[in-house]
Asks: 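So that we are looking at the same thing, I have put the structure below in structure tokens.
Being a predicted model, the structure only gives us computed values, none of them experimental.
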Amino acid sequence: MKRRMFSLRLLRPWAALSLVLFAVAVGATAQPRFSQPHGLYDQPSLTVTMTPSNGQSDIYYTTDGSVPTPQSQLYNQPLTLTSTTILRAVEVSDGEPASPVATASYLFVGSVLAQGNSPQGYPSQWGSYCQISGRAKADYEMDPEMTADPVLRPKIVQGLWELPVLSIVTDKDLLFSHENHPDRGGIYIFTGPPVGDPTGHGWTRPASIELMGGPQQHDLTTGCGLRLHGGHGRLAEKNPKHSFRLVFKKEYGPSTLQYPVFGPAGMQKFDQLVARCHFGNSWQHWSEGNRQKAQYARDVWARRMQRKMGRSSVDALYVHLFLNGMYWGLYNLAERVDDQYGKDHLGGAKSDIDVVKIEEDGGNHIEATEGTLDAWQLMTSVAARAADDEAYRQLQDSLLDIDAFIDYMLINQYGGNTDWDHHNWFAIRRRGQDSQGFRFLCWDTEIIFESERENVLTTNNGKASPTGIFHNLLKNQDFARRYLQRAREVLAPDGLLGPARVVELWDSLHATIANALYAEAARWGDYRRDVHRWQSAGQLYTVDKHYAAERKRLLTSYFPVRTARVLRQITDYVHVDETGIIAVTPPSPATDDRFYNLNGQPVSRPRHGLFLKNGRIILVR
């Protein structure tokens, strides 16, 4: 049966037009043309012809991902492809390259199912472990126990068709060479982790990417820089399936990608994108507890919920990622929070944007990845004095978007996020007189929805963290009232964080990836059983057994009760009554009848201000 991933004839008129216009834009530079579109194919063979743009130049090509040169294979007749093939071609005149390199990935379903563990030219070992001794055993195969199963095999195939494909193509040595060299070393070997040997950190390699197929019928081919992304997910022993960052610079291709990655309603320009591997709560994770909770939707749920609340958020697209034609699993293609993101979401110019985050490399520390820390340091300093109404007014005037901050905190409190906020957050602000202040963005929110009893309200990682800012703001009566009012609104039975609305969003993500997860399971579900057990022996993780069990737990034991429980946690912790009394329980060092200042020192005659008494914060007028 012939089956091709996409066809422009299937597009809505607006989608076809946008893709055709984009194809014209990138096709303005002469380069070889292929007779067949890139994509996923389910047929025995495919014949592809290549023609030069001027009808006269010779074409030289490769099929292994490497850049073709005049020393590569000369094209002189149509090619019959019977398995996955990466075609890269260049026009040559007078013995010299005369065009950019054209790339097309022809991915055969049969090749995906038969993907073995010894691809030609690829190493049998990857990089060194960082916190334990040894070197990672390479893992390329689709688990034959699953692909040969008569029940699972058609589900794997169906799942491959239902998402867009992101094909990353580059010279295999730039990925897997063991040569320790900043220009030639393999980025999958020297991962640049935040602990141990940092070799490889920041190494960027030229690559071609293709985004194709899926419900929106994507059809993109462009060049970019390729580097690894993430923190502890780059440690070989903790995670064999790494995340990638796609960097758009003139030295690799376009300086800015202009393409509707997230659909016509999303942003259209990107300086960077992140292909997130799903590390926390995944089947390849080093911890058995994480593997049992794999759902591949928690982080996207938090970002989508932030948007439903009317706030800035990071867009996301589920994709199947292929690396030089090898299936690498289910990924999440996301916006990278940088100055281009800030310009598009907040307005102004790139030069107006401050982006602040926790950087794990070199030890967790706060840094400005765009702009400066000046406004951030002022904001956290003023927030520490938020009990004073004048400081609070200064804060909400242009330093912090108070209402957006409340929603951000409620999402993390509802989720019971325990892998935060010592890391895993971004804050972004546009400078200028009309600035609305810093906004926090949900990011890497993978360790949520674990226990329906989880309570993170007392978490406080200091004044320069979201939780520290939150606790300082709670000392202000206006903030406490606004926080409680919003909590009661969104945590109402019919609120955005009510059971029905939470499950509605959760099920929309499940519907997107339910079948695609069979391919992910075939790729990585056996890793901790067959390749590297490390701390605990793994199982063969499957959709129908492990994913389904966790989904059932969430739908029957977590979501139905979590909303009411979190609201009760909040109302037990923070009280604001009609007399202006604010109470936060339990902040006091003592629970007797004496008054204390907020530093815990006894006060004999309290005057105007906030004081501690019997474990409560009391406003004395």
Asks: Which pairs, with at least one residue in residues 291-301 and sequence neighbours excluded, count as a salt bridge (charged side-chain N to carboxylate O under 4.0 Å, His left out)?
Replies: R276-D299, E288-R291, R298-E550, D299-R303
Asks: Could you tell me whether K241 and E520 make a salt bridge, using a distance below 4.0 angstrom between a side-chain N and a carboxylate O?
Replies: yes
Asks: For H320 and Y327, I'd like to know if the aromatic rings sit close, meaning centre-to-centre distance below 6.0 Å.
Replies: yes
Asks: Answer yes if the ring centres of W443 and W425 are under 6.0 angstrom apart, and no otherwise.
Replies: no
Asks: For the backbone of T542 and the side chain of H546, can you confirm whether one donor and one acceptor N or O come within less than 3.5 Å of each other?
Replies: yes
Asks: What is the distance from atom CG of L333 to atom CD of E335, rounded to the nearest 0.5 Å?
Replies: 9.5 Å
Asks: Would you say R234 and T191 are linked by a side-chain donor-acceptor pair, where the criterion is simply a distance under 3.5 Å?
Replies: no
Asks: Of all the heavy-atom pairs spanning I366 and A464, show the shortest one and how long it is.
Replies: CD1-O, 3.1 Å
Asks: Search all heavy atoms of H229 against all heavy atoms of V274 and return the closest pair with its distance.
Replies: CD2-CG1, 3.5 Å
Asks: Decide if atom NZ of K249 counts as having more than 12 heavy atoms of other residues, nucleotides or ligands within a radius under 6.0 Å.
Replies: no
Asks: Between R184 and D171 (salt bridge meaning N to carboxylate O under 4.0 Å), is one present in this structure?
Replies: no
Asks: Answer yes or no on whether R523 is positioned over the face of W328, meaning its NZ or CZ is under 6.0 Å from the six-membered ring centre and within 45° of the axis.
Replies: yes
Asks: Examine Y106 together with H38 and report whether their ring centres are nearer than 6.0 Å.
Replies: no
Asks: Taking atom types as modelled and ignoring hydrogens, do the side chains of Y518 and D544 form a donor-acceptor contact shorter than 3.5 angstrom?
Replies: yes
Asks: Could you tell me which residues satisfy salt bridge (Lys or Arg N to Asp or Glu O under 4.0 Å) with R153, sequence neighbours excluded, listed by chain and number?
Replies: none
Asks: So, K269 and Q340: side-chain donor and acceptor under 3.5 Å apart, yes or no?
Replies: no
Asks: For residues 190-205, which residue pairs qualify under salt bridge (charged side-chain N to carboxylate O under 4.0 Å, His left out), counting only residues two or more places apart or in two chains?
Replies: none
Asks: Indicate whether the side chain of E446 and that of N281 have a donor and an acceptor atom separated by less than 3.5 Å.
Replies: no
Asks: Mind listing the closest non-hydrogen atom pair of V90 and P100 along with its distance?
Replies: CG2-O, 4.2 Å
Asks: Centres of the F279 and H285 rings: under 6.0 Å?
Replies: yes
Asks: Please work out whether the ring planes of F449 and Y558 are parallel, tilted or perpendicular, with thresholds of 30° and 60°.
Replies: tilted
Asks: Just checking, any donor-acceptor pair under 3.5 angstrom between side chains of Y122 and N324?
Replies: yes
Asks: Using modelled atom types only, decide if a donor and an acceptor are shared between the side chain of Y541 and the backbone of Q539 within a distance under 3.5 Å.
Replies: yes
Asks: Any idea how H218 and Y259 line up, ring-wise: parallel (<30°), tilted (30 to 60°), or perpendicular (>60°)?
Replies: tilted
Asks: So, Q158 versus N515: side-chain donor-acceptor pair below 3.5 Å or not?
Replies: no
Asks: Would you please classify the geometry between the F244 ring and the Y188 ring as parallel, tilted or perpendicular, with 30° and 60° separating the classes?
Replies: tilted
Asks: For the atom pair CD (Q125) and CZ (R135), what is the distance rounded to the nearest 0.5 Å?
Replies: 6.0 Å
Asks: Is the backbone of Y341 close enough, under 3.5 Å, to the side chain of D338 for a donor and an acceptor to pair up by distance?
Replies: yes
Asks: Return the orientation label for the Y547 and W283 ring planes: parallel under 30°, perpendicular over 60°, tilted otherwise.
Replies: perpendicular
